[in-house]
Structure formats: structure tokens, C-alpha cells
Q: 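Let me begin by handing over the structure; questions about it come next.
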Amino acid sequence: MNPIQIPRGTQDLLPQVTPIWQFIEKQAQEICRLYNYQEIRTPIFESTDLFLRGVGDTTDIVQKEMYSFEDRGGRSLTLRPEGTASVVRSYVQEKMYGQPNQPTKLYYIGPMFRYERPQAGRYRQFFQFGVEAIGALNPAVDAEVISLAMSFYKNIGLTELKLVINSLGDKESRLRHREALINHFEPSIGEFCSDCQSRLHKNPLRILDCKQDHDHPLMKTAPSILEFLNEESKNYFEQVKSLLDQIGIQYVVDPTLVRGLDYYNHTTFEIMGASFGSISTLCGGGRYNGLVQELGGPESPGIGFALSIERAILALEAEGKALPGVQALDAFVVSMGEPTEEKALSILYRLRQAGFSVDKDYMDRKMKAQMKQADRFQSRFVLLLGEEELEKQVINVKNMETGEQEAVNWDDLITYLERQLRRNQ
Ligand code: ATP
Ligand code: MG
């Protein structure tokens with residue numbers, strides 16, 4: 001029978017790589033602790049309507065990438081393609097806006113699903129770490145969110161980072177810019193892809209984000225949003241930039257940076273890293289002041305970002321950074337002969353209870369093969385138990401780094417190992 005293959009665009013994270021994932025997830029949790037963002041876990045699937053409204057029907061995600069299905073009760077559900085819509089749904093549903101601890105600062109880590117053409121850095125199931133700060137329209141919050149993302153990347157070990165920011169302004173600025181974009185593209189819209197043609201009146205800003213028509217000459221000459229910002233929006237953007245300067249975060253302003261999602265306004269940003277394949281964007285984020293209302297809540301401004309763990313790891317690899325591997329075992333119990341078996345097991349469990357990582361052979365291996373197994377786990381100590389040791393109530397402790405060996409009384413074993421391992425650290 002043919003073995004069944006993993007679905008296209010997904011990957012098994014095997015024990016060789018899960019330590020990297022655990023490291024990165026820990027760094028994400030830790031940076032969120034420092035910035036006082038709390039974790040939220042929402043369902044993997046949601047009503048399809050949530051994404052139609054929350055992501056926007058002119059986006060690639062909604063038009064081409066969603067995994068939608070009907071359940072047995074006839075409801076249309078979708079595997080979440082991103083996290084913001086779910087977080088905001090929960091914010092509204094749980095009436096978080098009514099709580100005194102505003103702004104509401106949340107983070108999430110989990111799988112997202114998009115039907116995409118798989119390549120390095122682009123998968124159909126990928127893991128995002130994202131944060132959302134909802135309830136405050138304050139440039140300091142924009143700077144905080146950007147700083148959190150940058151610090152996260154620095155903490156995992158990335159150095160080649162480039163932050164690009166832009167402002168899409170408020171509603172009024174966006175409307176004026178929208179008119180200018182329509183006037184700019186309309187006469188030649190026939191030269192653009194069919195997606196762009198349908199975007200022209202629905203959401204012309206999205207034309208600037210088109211991957212197909214990226215090099216069309218009209219893209220370069222398109223009216224810049226920055227020229228359409230009203231005083232208030234300009235002022236807001238100036239404050240965000242000046243705060244970033246104060247914190248010591250470098251950035252480049254790129255007026256063509258628009259995000260794929262529809263409800264963005266004011267600050268948008270992207271973080272690029274060392275490239276892998278054709279991709280270098282690691283993180284995208286921005287402000288979405290209209291989203292909470294769009295999902296049935298009160299007017300509450302929000303800002304957030306999302307980044308994928310896969311791309312963070314690819315960037316670390318592209319920079320040639322050493323990545324954490326499987327953790328070494330503290331000790332491996334090597335027992336010789338049937339009569340020692342029971343004692344070997346009791347030592348194994350006693351050590352585990354005391355907090356050591358310990359294993360033993362379960363395959364009836366000969367002594368030499370057991371030593372090999374200890375090596376495979378990079379065990380720092382091997383504990384040898386033969387019939388002679390059994391009689392004397394000792395165990396031979398071999399330090400695998402120095403080769404030194406010492407007989408230790410069973411009762412002293414825990415203290416002995418504690419001392420040795422501390423010395424080795
Ligand atoms: P792209 O332009 O690369 O398609 P996007 O605009 O669709 O990105 P967002 O929806 O903003 O991306 O998602 C935020 C981050 O999630 C991206 O910066 C990227 O790190 C990551 N990401 C998006 N899609 C994928 C994917 N298919 N596989 C892995 N990571 C992804
Ligand atoms: Mg995409």
C-alpha cells in the first residue's frame with residue numbers, strides 16, 4: 001500500500017527542529033511579559049463571515065486563500081487565515097472594552113491556514129505570533145507595538161533587520177487619497193490585471209500592493225498618501241516617528257507601503273530580514289481603527305502585528321546563526337544483568353523526581369550498545385550498575401566529558417549529581 005503523504009504546504013516539525021520552535025515561542029512569551037501583553041487563545045476555525053467582514057473581501061486572503069467548508073450542520077466555517085479578526089471578535093463578544101484595564105493588550109501564537117502556492121517561507125499552514133493593543137489612539141502605543149516586534153527579533157538573535165513605516169492617515173485623508181488614486185489609474189486600468197481592475201473602485205489602495213503589476217510604470221508615479229495626510233494625521237505620524245527616534249529604533253519611511261488588509265489606517269509597518277528565496281518580509285502590522293466597529297463593537301482604535309515563526313527561523317538560518325538543538329540528557333542509567341534491573345529502574349525514577357533528565361535502555365542492549373545510546377543522547381553522565389555495585393549499594397558515575405569515574409553511594413547520588421552538574425554549567 002502507498003504510504004499517505006503530508007498535505008502540500010504543511011510540514012512535520014520533527015524533534016531535531018522543535019527545540020528551535022520552543023526557543024522562539026519562549027522568546028515571544030518573554031517579550032510579551034516584559035511589555036505586559038497577555039495571551040489569548042481563540043478557536044482554529046471561525047464563522048466564514050468573520051473573515052469576510054474582518055479581513056475584507058478585496059484582499060487576497062478572502063478572494064483566494066481561505067480554507068472554507070460547510071460543517072454537518074450546514075454552517076460555513078473557515079480555518080483562520082490570520083489572528084486579528086478572531087482577537088477582535090473575542091474583544092467584542094467578551095465586552096473587553098468595558099473593562100477598566102484599557103488598552104487591552106493581547107498576544108497569540110498559533111497555526112494559520114492559507115491556500116497559497118508553497119515555497120520557502122510560504123506555507124499553507126504556518127504559525128504566527130501576533131499582538132494587538134485595542135482601546136487607545138496614542139502614538140506611544142504604535143511605537144510600543146513596533147518596538148516589541150523589533151526587540152523580539154533582536155532577542156532571538158537576528159541582526160539584519162530593516163523597519164519600514166508609513167501612514168495611511170485617517171478616514172478623511174484616505175478618502176482624498178483614494179480619489180487621487182482612482183484618477184491616476186483609471187485611464188490605463190486596462191493594462192492591469194483583472195484583480196486590480198476590480199479593486200479600482202472598491203479599494204484602489206490595494207492596487208499598490210499588487211504582486212503581478214508591481215513593475216507597471218504607473219505604480220511609481222502614483223500619488224503618495226503622505227501628500228494627502230491632513231494636519232491631524234500628519235501630526236500623529238510625526239509623533240510616532242519621534243517616539244521611535246527616542247527609543248533608538250531606526251526606520252525608513254516608504255509611502256508605498258500599504259498592508260493587505262482593508263481596515264488599516266494611520267501607522268503601517270513591515271520588518272524585513274535577510275532574504276530566503278524571493279522573500280524577505282518577516283512581519284507586518286499596523287493600525288486598524290475601523291475594525292472593532294466593523295465587527296459589531298463600539299468605536300475602539302487598535303494596532304497590532306503578525307509575524308510567522310517559519311520566516312523568523314529562515315532569517316536566522318540566512319544569517320548563519322547557530323540554532324538551539326536537542327537538549328543533552330543529564331544521565332543515562334546503564335544496567336548490566338537481570339538482577340540489577342529493578343534497582344536501575346528505582347534509581348531512574350528517583351532521579352527524575354529530583355528533577356534530572358534521565359533515561360535507560362529498554363531494548364535489552366548489551367553494555368556497549370547501552371553506552372552508545374547514552375552517547376546518542378549526549379548524556380553528561382552514565383550511571384553504571386552491575387552486580388558488584390548492587391552488592392556494595394553503590395553506582396559507578398562516569399563523567400562523559402572528562403572520562404572520570406567514581407563509585408557513589410545510592411543515598412548520596414542526588415547530591416553528587418547536583419554538585420557535578422552545577423560545576424559543569
Ligand atoms: P505576503 O505579502 O508575504 O503574502 P501577507 O501580507 O499576506 O504577506 P500578513 O497577512 O501581513 O502577510 O501576515 C503577517 C506575516 O505572516 C507576514 O509578514 C509573514 O511573516 C507571515 N506569513 C504570511 N503568509 C505566510 C505563509 N503563507 N507562510 C508563512 N508565513 C506567512
Ligand atoms: Mg499573503
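Residue numbers run from 1 in the order of the sequence given. These numbers were taken from a predicted model, which means no experiment stands behind them. Whatever order the structure lists them in is the order used to number ligands and atoms, beginning at 1.
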Q: Less than 4.0 Å is my threshold; does some heavy atom of Glu270 fall inside it relative to ligand 1?
A: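 Heavy atoms of Glu270 never come under 4.0 Å of ligand 1.
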
Q: Using a strict threshold of under 4.0 Å (side-chain N to carboxylate O), is an ion pair present between Asp195 and Lys64?
A: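 Judged by the 4.0 Å cut-off on N to carboxylate O distance, Lys64 and Asp195 do form a salt bridge.
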
Q: I'd like to check which ligand 1 atoms, numbered from 1 as shown, lie under 4.0 Å from a non-hydrogen atom of Cys283.
A: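 Answer, ordered by atom number: 18 (O).
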
Q: With a 4.0 Å cut-off on N to O distance, would you call Glu39 and Arg41 a salt bridge?
A: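 A salt bridge links Glu39 with Arg41.
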
Q: Which ligand 1 atoms are under 4.0 Å away from a heavy-atom of Gly284?
A: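 The list of qualifying atoms is 18 (O).
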
Q: Could you pull out, from Glu82, Gln119, Lys211, Gln128, the option with a heavy atom nearest to atom 13 (O) of ligand 1?
A: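 Selected option, by shortest heavy-atom distance: Gln128.
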
Q: Below 4.0 angstrom, N of the basic side chain to O of the carboxylate: do Asp375 and Lys398 qualify?
A: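 No, Asp375 and Lys398 are not salt-bridged.
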
Q: With atom 17 (C) of ligand 1 as the reference point, say which of Glu116, Arg311, Arg114 has the nearest heavy atom.
A: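 Going through Glu116, Arg311, Arg114 one by one, Arg311 has the nearest heavy atom to atom 17 (C) of ligand 1.
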
Q: Mind checking whether Glu310 has an N or O less than 3.5 Å away from an N or O of ligand 1?
A: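 No - when backbone and side-chain N and O of Glu310 are compared with those of ligand 1, no distance drops under 3.5 Å.
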
Q: Under the criterion salt bridge (Lys or Arg N to Asp or Glu O under 4.0 Å), which of Glu116, Glu310, Glu65 is the partner of Arg122?
A: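 When Glu116, Glu310, Glu65 are each tested with Arg122, the salt bridge (Lys or Arg N to Asp or Glu O under 4.0 Å) holds only for Glu116.
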
Q: Report yes or no: do Tyr115 and Arg8 form a side-chain donor-acceptor pair below 3.5 Å?
A: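 Looking only at side-chain atoms, Arg8 and Tyr115 do not form any donor-acceptor pair under 3.5 Å.
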
Q: So which of Phe305, Tyr123, Phe113 gets nearest to atom 28 (N) of ligand 1, if we judge by its closest heavy atom?
A: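 Nearest option to atom 28 (N) of ligand 1, by heavy atoms: Tyr123.
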
Q: Compute whether any side-chain donor of one residue and acceptor of the other, for Tyr37 and Glu144, lie under 3.5 angstrom apart.
A: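 Yes, side-chain donor-acceptor contact under 3.5 Å.
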
Q: Pick whichever of Thr59, Leu282, Leu307, Ile61 has a heavy atom sitting closest to atom 20 (O) of ligand 1.
A: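 Residue with the shortest heavy-atom distance to the ligand atom: Leu282.
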
